[in-house]
Amino acid sequence: MTITLGRQHRTVTETTPVLRWRAHQAGVWVAYRADQFIGMIEEHWRSGFAVTTRLGKRLGYFTTLDHAMTALEHEAKS
């Protein structure tokens with residue numbers, strides 16, 4: 001005999017609002033979550049992209065813009 005309960009199953013997922021990127025000026029990208037400043041990326045011509053959080057913490061230099069954005073997005077989640 002099988003007993004089936006009439007409960008509905010709900011999947012609960014925790015979501016973090018997505019970062020929005022804005023090119024502030026040539027070589028500078030700024031990240032926001034909602035209206036909160038998250039950090040920025042500065043292109044250092046021929047040497048990579050420097051990433052800084054909203055608190056001024058340097059995350060390092062990255063060879064591509066995509067890697068720099070990923071680093072800031074990862075830092076923003078923690």
Side-chain angles (χ1 to χ4, degrees):
M1 173 154 94
T2 304
I3 299 175
T4 305
L5 298 176
R7 293 187 202 170
Q8 294 180 359
H9 293 276
R10 294 185 184 194
T11 303
V12 177
T13 56
E14 184 177 326
T15 59
T16 303
V18 177
L19 293 187
R20 290 180 301 114
W21 289 96
R22 186 175 136 224
H24 183 67
Q25 65 186 40
V28 177
W29 293 265
V30 181
Y32 293 93
R33 181 181 303 134
D35 290 332
Q36 182 183 22
F37 171 71
I38 298 299
M40 63 184 275
I41 298 172
E42 297 173 272
E43 184 172 10
H44 291 218
W45 309 111
R46 298 186 184 211
S47 50
F49 298 85
V51 180
T52 308
T53 69
R54 66 185 177 92
L55 299 175
K57 177 182 173 185
R58 287 273 182 173
L59 296 182
Y61 288 92
F62 299 86
T63 56
T64 67
L65 178 59
D66 187 50
H67 287 125
M69 288 178 165
T70 301
L72 188 56
E73 289 168 357
H74 178 70
E75 179 72 16
K77 288 181 183 178
S78 54

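In this chain, numbering begins with 1 at the start of the sequence shown.
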So, using side-chain hydrogen bond (donor to acceptor under 3.5 Å, both in side chains) as the criterion, who are the partners of Trp29 when residues are at least two apart?
none

More than 12 heavy atoms from other groups under 6.0 Å of NE2 on His44:
yes

Side-chain donor/acceptor of Arg22 to backbone N/O of Tyr32, under 3.5 Å:
no

Please say yes or no: joined through hydrophobic side-chain contacts below 4.5 Å, possibly via intermediate residues, are Ile41 and Phe37 part of one cluster?
no

Going only through I, L, V, M, F, W and Y residues with side-chain contacts under 4.5 Å, is there a path from Leu59 to Met40?
no

Return the set of residues passing side chain to side chain contact (heavy atoms under 4.5 Å, CB included) with Thr63 (not counting sequence neighbours), or none when no residue passes.
His67

Considering residues at least two apart in sequence or located in another chain, which fulfil the salt bridge (charged side-chain N to carboxylate O under 4.0 Å, His left out) criterion with Glu43?
none

Of all residues at least two apart in sequence or in a different chain, which pass the side chain to side chain contact (heavy atoms under 4.5 Å, CB included) check with Asp35?
Arg20

Using links of under 4.5 Å between side-chain heavy atoms of ILVMFWY residues, direct or through other members, which residues join Tyr61 in one cluster?
none

Could you work out, with side chain to side chain contact (heavy atoms under 4.5 Å, CB included) as the rule, every residue matching Ala31, not counting sequence neighbours?
Leu19, Trp21, Ile38, Leu72

Residue pairs, two or more places apart or on separate chains, that pass side chain to side chain donor-acceptor pair (under 3.5 Å) and touch residues 45-59
Lys57-Glu75

Do Phe62 and Thr64 make a side-chain contact, defined as non-hydrogen atoms from C-beta onward lying under 4.5 Å apart?
no

